[in-house]
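What you are looking at is a predicted structure, and each value in this text was computed from that prediction instead of being measured.
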Amino acid sequence: MRMSARALFDQCGDRALFERLAESYSSVLFQNPSPSERGSWKNSLPALAEVLCDAGLDDVEVLIEHRLPLTSLRADVVLAGSHPATGRPSYVIVELKQWREARLVPDADNLCLVAKMGNRPALHPVVQVRRYCEYLHDFTNVLSDQEDSVVGVAYLHDAADQGVSELLRLPDAKAQLFTNTSRGELISYLQTRLSALNGSPEADHLLNSPQAPGRQLMRVAAAEIIDGGEFLLMDEQEVAARLVKRAVDLSRQSDRKEVIVISGGPGSGKSVIALHLMGYLGRNGRSVVHATGSKSFTTTLRYIVGIRNGRIPKLFRYFLDFARAERNGLDVLICDEAHRIRERSSNQVAGAGQRSARSQVEELIDAARVPVFLIDEYQVVRPGEMGSVETIDKAANVRGCIVRHVDLNSQFRCGGSRAYETWVLRLLGLVPGGPIQWQPEENFELLVARSPQGMEDHLRDRQEFGHTSRMTAGFCWRWSDPRSDGSLVDDVVIGEWRRPWNLRGEHSVGGAPVSSLWATDASGFGQIGCIYTAQGFEYAWNGMIFGPDLVWRGNEWRAVSGENKDSAVKKADPEMFDRLIRNTYKVLLTRGMVGTVIHSTDPETQAMLTSLVPPIDR
């Protein structure tokens, strides 16, 4: 919602303003604002309106609950106007807080404890609003080359300086904190950033700008992603990359867009292609974003590429971020893990009139001049996931797009073993022919463990020799929250052997890494990974436990939904459950690059595996 500062001041006493805000909020986010959200509008917006009018900025344009590009994040207020000295567009993002008392978290100057929130840690408001400034700058094309066009203000209008004195110690050139005590300083500061002229043109300038990564952000990302040299691409990997580059070069002259679909199993180099393209396109001034449907995969990529520069993780998004993206707003959208595409991006509880008419794959195709899909069709493991080459082709053809395919499966298994992947596909009945005897080979080792303890001991030995090792299992045991003392519950129980699942959340507990980093953090060994934390990752040695939800009976597999603890998967009809559970074990079995150790909790299944694979000698 937008209006002038004077209009906001005049309407703050009118209940209709807040009802319109609630309607606007619901139309954008597909959910109703909470009572606390409504309360914050009624308390904070009048306080800001009074400041603006006292500053003589009645005609500055006020954008309320402004949604940041390609995200559900919202800035409380963006003030739009012209700079009093330069006359150029100038914007101030305002974060409004009703806090009265807050203090810093010890040894963490970017976190604070807020009395009103039960002393639950919160991001320092200066850090929060600074990140909003960087984000708006990085993803709004008209701002990308204007470094000083956006600043931030955190206004704690109910607080006196003494109640939040520790928060005042954080210096920042991009954002500043003001309280009721320093209200006069806030007025003076706003007058240095905004003139008294009408801010409508500048608001239009911002709202009508294309939303895509700015040139400076792309240059920074290119330097970081390709730090130390180019990724070496081989054969079909190079073909795939060149097809994308060619399509990008033609994209602004051609009347038809090209969709590139790259198929490949684990270790085929799909993500290497993605990162190569991210760097290449960024260096050449093209806007490119990487997206997945996997929280763990995206979080890990953000963490890895953002260690030295916090701006880069913004280029790594989720599929659902593009429901409202500008058509062809990006040059390239790289959709990694495209098998995780779902039917719809919109909130399923939204009213029918609020849902997007487009499917998620259509949204992704529409978002870029050159959409690129990296896919492994055997990794569909949840109901609702529908990413397939056929689905992508159909959506692209309806839109009149040219579709080009590259198949990495016939040549690549970078690390690990092509023979092993074929053995797994035969074992699980995902390709015809039935299970076959494992033939030992030089580059990959496959073993059966007589017990889970034997499996763990073997993997620990490999870990001590410098090989990353992890243990995974089918989702056949309950998954408890940590105890109040921070210790993990040993939910996975097989005889006398007991181990915990990996953490569910994004807060480290008891020395265990957060969920999204379980596969890459050295402290992940000792917890059992599930499909949602293992999918998308690889490590040297993989231990995998077949649970009782997939057992061998006679001469075939039997999927047992009653033994599965994944509430979404177990509700699937029998045919779909069978497919999902086989795909799940296919993913879990193919995480190892050097070797895999397997064990089944079911005696008949264990006997079948032992007949095909040599046992660990212990």
Side-chain angles (χ1 to χ4, degrees), residues 1-11 45 47-69 74-96 126 128-155 171-178 182-220 285 287 311 314 326 329:
M1 179 179 290
R2 61 180 286 190
M3 64 186 67
S4 70
R6 171 53 63 179
L8 176 62
F9 180 84
D10 292 340
Q11 294 180 38
L45 290 177
L48 177 62
E50 290 177 5
V51 164
L52 292 172
C53 291
D54 288 350
L57 302 175
D58 300 51
D59 291 327
V60 162
E61 201 76 356
V62 181
L63 309 178
I64 305 171
E65 295 289 340
H66 181 70
R67 185 172 180 174
L68 300 178
R74 295 164 291 116
D76 288 343
V77 169
V78 176
L79 304 176
S82 57
H83 196 282
T86 67
R88 294 177 178 173
S90 183
Y91 304 93
V92 180
I93 299 180
V94 183
E95 180 65 22
L96 297 165
V126 166
Q128 180 183 3
V129 75
R130 182 186 69 227
R131 292 182 179 179
Y132 286 175
C133 292
E134 292 174 348
Y135 195 100
L136 187 67
H137 181 273
D138 286 341
F139 277 84
T140 307
N141 282 7
V142 297
L143 305 178
S144 62
D145 292 325
Q146 302 178 40
E147 283 293 340
D148 194 41
S149 56
V150 184
V151 297
V153 164
Y155 184 29
D172 195 289
K174 272 284 187 185
Q176 298 190 35
L177 186 148
F178 299 92
S182 55
R183 184 178 183 275
E185 296 173 30
L186 171 59
I187 289 173
S188 298
Y189 179 71
L190 292 175
Q191 290 169 334
T192 69
R193 299 298 311 183
L194 297 162
S195 75
L197 298 176
N198 188 311
S200 290
E202 288 75 22
D204 292 339
H205 190 61
L206 177 68
L207 295 173
N208 294 331
S209 170
Q211 296 181 348
R215 288 187 292 274
Q216 290 185 7
L217 175 61
M218 297 311 304
R219 286 194 289 268
V220 171
S287 59
R311 298 168 73 186
K314 288 171 277 193
E326 179 187 10

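The two residues Glu202 and Ala80 have their closest heavy-atom pair at C-CB, 4.2 Å. The two residues Ser4 and Ala7 come nearest to each other via the heavy atoms OG-N, 3.0 Å.
Side-chain contact between Val60 and Leu190 is absent, with no heavy atoms from C-beta onward closer than 4.5 Å. In this structure, the side chains of Val153 and Val129 stay at 4.5 Å or more apart for every pair of heavy atoms. Taking 4.5 Å as the limit, some side-chain heavy atom of Leu143 sits within range of a side-chain heavy atom of Tyr91.
Under the salt bridge (charged side-chain N to carboxylate O under 4.0 Å, His left out) criterion, Glu95 pairs with Lys97, sequence neighbours left out. Applying the side chain to side chain contact (heavy atoms under 4.5 Å, CB included) test to Ala75 and every residue at least two apart in sequence or in another chain returns Val78, Ile93, Tyr132. Taking the side-chain hydrogen bond (donor to acceptor under 3.5 Å, both in side chains) definition, one finds that Ser195 meets it with Ser82, sequence neighbours left out. Residues passing the side-chain hydrogen bond (donor to acceptor under 3.5 Å, both in side chains) test with Ser149: none are found, sequence neighbours excluded. Shown here are the side chain to side chain contact (heavy atoms under 4.5 Å, CB included) partners of Ala196, two or more places apart in sequence or in another chain: there are none. Looking at residues two or more places apart in sequence or on another chain, you find no side-chain hydrogen bond (donor to acceptor under 3.5 Å, both in side chains) involving Tyr155.
A side chain to side chain donor-acceptor pair (under 3.5 Å) check over residues 54-64, counting only residues at least two apart or in different chains, returns the pairs Arg2-Glu61, Arg6-Asp58, Asp54-Arg183, Glu61-Ser200. Pairs of residues two or more places apart, or lying in two chains, that qualify as salt bridge (charged side-chain N to carboxylate O under 4.0 Å, His left out) and include a residue from residues 185-194 are Asp148-Arg193. Among residues at least two apart or in separate chains, ring-ring contact (aromatic ring centres under 6.0 Å, His included) pairs with a member in residues 183-204 are Phe178-Tyr189.
Distance check, rounded to the nearest 0.5 Å: CZ of Arg88 to NE2 of His83 gives 10.0 Å. In this structure, CG in Leu63 is found 12.5 Å from CG in Asp76, a value given to the nearest 0.5 Å. Leu194 CG to Leu52 CG: the interatomic distance, rounded to the nearest 0.5 Å, is 8.5 Å. In this structure, CG on Asp204 lies 5.5 Å from CG on Asn208, to the nearest 0.5 angstrom. Distance check, rounded to the nearest 0.5 Å: NE2 of His66 to CG of Leu206 gives 4.5 Å. For the atom pair CD (Gln176) and CG (Leu186), the distance works out to 9.5 Å, reported to the nearest 0.5 Å.
Here the side chain of Gln191 pairs a donor or acceptor atom with the backbone of Ala55 at under 3.5 angstrom. Counting only distance, with no hydrogens or angles, the side chain of Lys174 and the backbone of Val150 share a donor-acceptor pair below 3.5 Å.
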**Report entry** CA sep, side-chain torsions, deciding dist, call: Leu45, Leu96, side chain to side chain contact (heavy atoms under 4.5 Å, CB included)
**Finding:** CA-CA 8 Å; Leu45 290 177; Leu96 297 165; 4.2 Å; yes
